[in-house]
Novice: 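Provided herewith is a single structure, encoded as structure tokens, for subsequent inquiry.
Both ligands and their constituent atoms are indexed starting at 1 by order of listing.
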Amino acid sequence: MSEILQNYIRGAWCDSVSGETFDNENPAQRGSVLNRAQASTADDVDAAIGAAADAFKRWSRTPVAERQAVVSRFLDALASAREELARIVSLENGKTINESRGEVDSALLEGRHHLQQMSLFAGDSAPRAEGNVTAWEQFHPLGVVGVISPWNYPMNVMCRKTLPALLTGNTVVFKPASFTPWSAVFMAGLFQKAGGPAGVFNCVTGRGSALGNQLIRDPRVRAISFTGSTEVGRKIQRMAAEDFTRTQLELGGKNALIVLADADLDAAVEATIKAGFGCSGQWCTSTSRVLLVPAIADAYLDKLLARCAAMRVGDPLDESTAMGPVAGPSQFEGIAAAIAKAKEGGATLRFGGVAEDATGYYILPTVFDGVTREMSIFSEEIFGPVLAVSTVRDLDEALAWANDSIYGLSSSIFTNDLAAAMRYVREIEAGMAHVNIHSGFKTPELPFGGWKESGFGLPENGKTGLEFFVERKAVYVKGQESGGRSQ
Ligand code: NAP
Ligand code: MG
């Protein structure tokens, strides 16, 4: 019998109230069962919120240095578990072992950044306050925060939300994606090792559709930090608006890469491979549209197709694999349907498609050419290793096409023309703009979030990564005339 993963509530491991579980499949082996996780419902979420609400009073008054010590021990435990956790992420998500190691490293980098940032996290003071009034802005934690994460970065996204929430004095109820419960439960174990007080961090697995409403609608939950699809983000926003629950929504994308005539084509192709097919095209910041000017279109495509042909698709745990399977059956079916729709819509398949492989949920690196603005492949997020390549007249048309999207998460341009690059930086409608760098590049000092339907609320990372989790209070203190005297 496979191992059963438990919920972590009030510092203890427990089964769901219903006693039901669901299977966690390895996407490299159809029908396999890695382990089973609790199919929690509203009752379990209610218990976790209760634990978090009870823990809040003490945790919110715990000195910052003590909160930092807990997070620091968590990060040490994470660093020690790097290889074990990377293996878990690859097994349940399908990304290659090197990509999983990269995910753990990214979480460590961001976590250490937030830890340091917290030492200097303070509000403004008001030098212009009149007379003997001293005035400053003070931050207060919100209370219980709900963290809902996707399966594509199962541990990194959770850390990017949870650690700032805890550092600023909030308590957390974490609900991971159902494709990736193992890494979530493993992380809960690291929190236990780090020795945080019971109830400060709670983890409840189960279908979002079964328990999401309880987490979002419960009045004790003061904020939801969500990463996932625009469709679910919109539902959450509607529900949260009802009682003014604060939201941070990191949503979908249809990120464009523009290649101009003077670009370093080899570098542009490498960036396309990295951001188009990294994690099987399942980054929210994946490059999914490529806009080429005519002068380099053929040369770029020749190089791109040669690189695709050289990519090894297969077992994610094999160090030489370039691309693993997509995350699970629904992902596979959705991507296969989008590929079929692109063909029907008139785009030309230049490489790839669904792999003839019965063992796992494999899609080959896939390239469509001749894509026009009217085609579904131009506008709809596929979230898989599928590139839509179009030829545009010039930079004007490239920018118009790039911005013709409901999304605005990330973007990239390859050019050595400074004026063209700066115009792109000014005009691109996206939360991230990259010049001669792939669309997934990021650093924790800068905000990570999207424009338009790619995001809502204060973005993660940057300054706002901590600010999202606090209320502000303006404090005015009038001293006694002539300085007063203590009694
Ligand atoms: P998803 O279907 O929206 O699911 C995301 C999370 O929401 C999962 O934990 C899911 O649980 C949960 N959920 C589903 N329905 C819910 C409901 N009614 N109420 C509350 N929670 C609910 O997205 P996904 O397939 O996991 O991830 C892919 C999407 O995430 C893509 O659109 C991608 O672009 C986006 N993404 C964005 C960013 C960013 O930073 N902007 C980063 C990564 C991914 P279940 O798994 O149980 O359904
Ligand atoms: Mg899985």
Novice: Give the atom numbers and elements of ligand 1 that come within less than 4.0 Å of a heavy atom of Ser149.
Specialist: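 Per the distance check, 6 (C), 8 (C), 9 (O).
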Novice: Considering only protein heavy atoms, which is closest to atom 24 (P) of ligand 1, and at what distance to one decimal place?
Specialist: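 Its nearest protein heavy-atom neighbour is Trp151 NE1, 3.3 Å.
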Novice: Does any N or O of ligand 1 fall below 3.5 Å from an N or O anywhere on Leu251, backbone included?
Specialist: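 Yes, since at least one N or O of Leu251 sits under 3.5 Å from an N or O of ligand 1.
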Novice: Which atoms from ligand 1 have a heavy atom of Ala177 less than 4.0 Å away?
Specialist: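 What qualifies from ligand 1 is 8 (C), 9 (O), 46 (O).
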Novice: On the six-membered ring of Phe368, is Arg350 placed so that its NZ or CZ lies under 6.0 angstrom from the centre and within 45° of the ring axis?
Specialist: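 So Arg350 doesn't make the cation-pi contact.
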Novice: Quick one: look at Phe226 and ligand 1, take heavy-atom pairs under 4.0 Å, and tell me if it's side chain, backbone, both or neither.
Specialist: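 The answer is the side chain.
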Novice: If I apply the N/O under 3.5 Å rule, does Gly208 come out as touching ligand 1?
Specialist: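 Such a contact does occur with ligand 1.
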Novice: Does the ring center of Trp182 lie less than 6.0 Å from the ring center of Phe22?
Specialist: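 Trp182 vs Phe22: aromatic centres not under 6.0 Å.
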Novice: Using the salt bridge (Lys or Arg N to Asp or Glu O under 4.0 Å) rule, take Arg30 and Glu25 through it: C-alpha gap first, then chi angles, then the decisive distance, then the call.
Specialist: CA-CA 7 Å; Arg30 288 173 195 247; Glu25 184 180 13; over 6 Å; no
Novice: If you count the atoms of ligand 1 from 1 in the order shown, which ones are under 4.0 Å from a heavy atom of Asn152?
Specialist: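 Counting atoms of ligand 1 from 1, those under 4.0 Å from Asn152 are 43 (C), 44 (C).
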Novice: Could you walk me through whether Glu83 and Arg101 pass salt bridge (Lys or Arg N to Asp or Glu O under 4.0 Å), step by step?
Specialist: CA-CA 7 Å; Glu83 199 57 28; Arg101 289 177 188 133; 2.8 Å; yes
Novice: What is the nearest protein non-hydrogen atom to atom 28 (C) of ligand 1, stated with its residue, atom name and distance?
Specialist: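 Checking every protein heavy atom, the shortest distance to atom 28 (C) of ligand 1 gives Phe383 CE2, 3.5 Å.
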Novice: For ligand 1, which atoms, with element, lie under 4.0 Å from some heavy atom of Thr227?
Specialist: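 Numbered from 1, ligand 1 contributes 5 (C), 36 (N), 37 (C), 38 (C), 39 (C), 40 (O), 42 (C), 43 (C), 44 (C).
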Novice: Could you tell me the residue and atom name of the protein heavy atom closest to atom 12 (C) of ligand 1, and the distance to it rounded to 0.1 Å?
Specialist: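 The closest one turns out to be Ile148 CG2, 3.7 Å.
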Novice: Is there a salt bridge (Lys or Arg N to Asp or Glu O under 4.0 Å) between Arg217 and Asp243 once you walk through the steps?
Specialist: CA-CA 8 Å; Arg217 297 301 299 271; Asp243 56 358; 5.5 Å; no
Novice: Does NZ or CZ of Arg289 come closer than 6.0 Å to the centre of the six-membered ring of Phe378, within 45° of the ring's axis?
Specialist: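 The answer is yes, since Arg289 meets both limits relative to Phe378.
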Novice: Ring of Phe351, cation from Arg307 - is the NZ or CZ under 6.0 Å from the centre and inside 45° of the axis?
Specialist: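 Geometry flag: not set, cation outside 6.0 Å or 45°.
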Novice: I'd like to check which ligand 1 atoms, numbered from 1 as shown, lie under 4.0 Å from a non-hydrogen atom of Gly212.
Specialist: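 So the atoms of ligand 1 that pass are 19 (N), 20 (C).
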Novice: For Gly206, take its heavy atoms, then give the atoms of ligand 1 lying under 4.0 Å from any of them.
Specialist: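 Here the atoms of ligand 1 in question are 47 (O).
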Novice: Measure the distance from atom 11 (O) of ligand 1 to every protein heavy atom, then report the residue, atom name and distance (to 0.1 Å) of the closest one.
Specialist: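 Result: Lys175 NZ, 3.1 Å.
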Novice: Within 45° of the ring axis of Phe226 and under 6.0 Å from its six-membered ring centre, is that where the NZ or CZ of Lys161 lies?
Specialist: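 Relative to the ring axis of Phe226, which defines the angle, Lys161 lies outside at least one limit.
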Novice: Do Phe191 and Tyr8 have ring centroids that are under 6.0 Å from one another?
Specialist: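 Judged by ring-centre distance (under 6.0 Å), Tyr8 and Phe191 do not meet the cut-off.
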Novice: Holding to side chain to side chain donor-acceptor pair (under 3.5 Å), I want the full list of residues that pass it with Trp13, two or more places apart in sequence or in another chain.
Specialist: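 Result, side chain to side chain donor-acceptor pair (under 3.5 Å) vs Trp13: Gln192.
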Novice: If the threshold is 4.0 Å, N to carboxylate O, is there a salt bridge linking Lys254 and Glu381?
Specialist: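 Looking at Glu381 together with Lys254, the answer is no, because their closest N to O distance does not fall below 4.0 Å.
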Novice: Where on Glu381 is there a heavy atom closer than 4.0 Å to ligand 1, on the side chain, on the backbone, on both, or on neither?
Specialist: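 For Glu381, only side-chain atoms sit under 4.0 Å from ligand 1.
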Novice: Do any nitrogen or oxygen atoms of Ser229 come within less than 3.5 Å of a nitrogen or oxygen of ligand 1?
Specialist: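 Yes, at least one N or O pair falls under 3.5 Å.
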Novice: Should one rank Gly228, Gly252, Cys284, Pro150 by closest heavy-atom distance to atom 35 (C) of ligand 1, which comes out on top?
Specialist: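 Heavy atom nearest to atom 35 (C) of ligand 1 belongs to Gly228.
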Novice: Could you grab the distance from atom NE2 of His434 to atom CG of Leu257, nearest 0.5 Å is fine?
Specialist: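 So the NE2 of His434 and the CG of Leu257 are separated by 11.0 Å.
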Novice: Which of the numbered atoms in ligand 1 are below 4.0 angstrom from a heavy atom of Arg207?
Specialist: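 With Arg207 as reference, the close atoms of ligand 1 come out as 47 (O).
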Novice: Any protein heavy atom under 4.0 Å from atom 4 (O) of ligand 1?
Specialist: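 Protein heavy atom within 4.0 Å of atom 4 (O) of ligand 1: absent.
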Novice: Just to be sure I read this right, does ligand 1 sit under 4.0 Å from the backbone of Phe448, its side chain, both, or neither, counting only heavy atoms?
Specialist: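 Side chain only.
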Novice: Under the criterion side chain to side chain donor-acceptor pair (under 3.5 Å), which of Ser439, Ser412, Ser410 is the partner of Thr287?
Specialist: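 Considering Ser439, Ser412, Ser410, a side chain to side chain donor-acceptor pair (under 3.5 Å) with Thr287 is found only for Ser439.
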Novice: Would you check the N or O atoms of Thr230, main chain and side chain alike, for any that come under 3.5 Å of an N or O of ligand 1?
Specialist: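 N/O-N/O distance below 3.5 Å does not exist for this pair.
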Novice: Just to be sure I'm reading this right: ignoring hydrogens, which of Ala184, Pro181, Gly328, Ser178 gets closest to atom 46 (O) of ligand 1? Compare them by their nearest heavy atoms.
Specialist: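 The nearest heavy atom belongs to Ser178.
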Novice: Using a strict cut-off of 4.0 Å, indicate which atoms of ligand 1 neighbour a heavy atom of Pro176.
Specialist: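 Close to Pro176: 9 (O).
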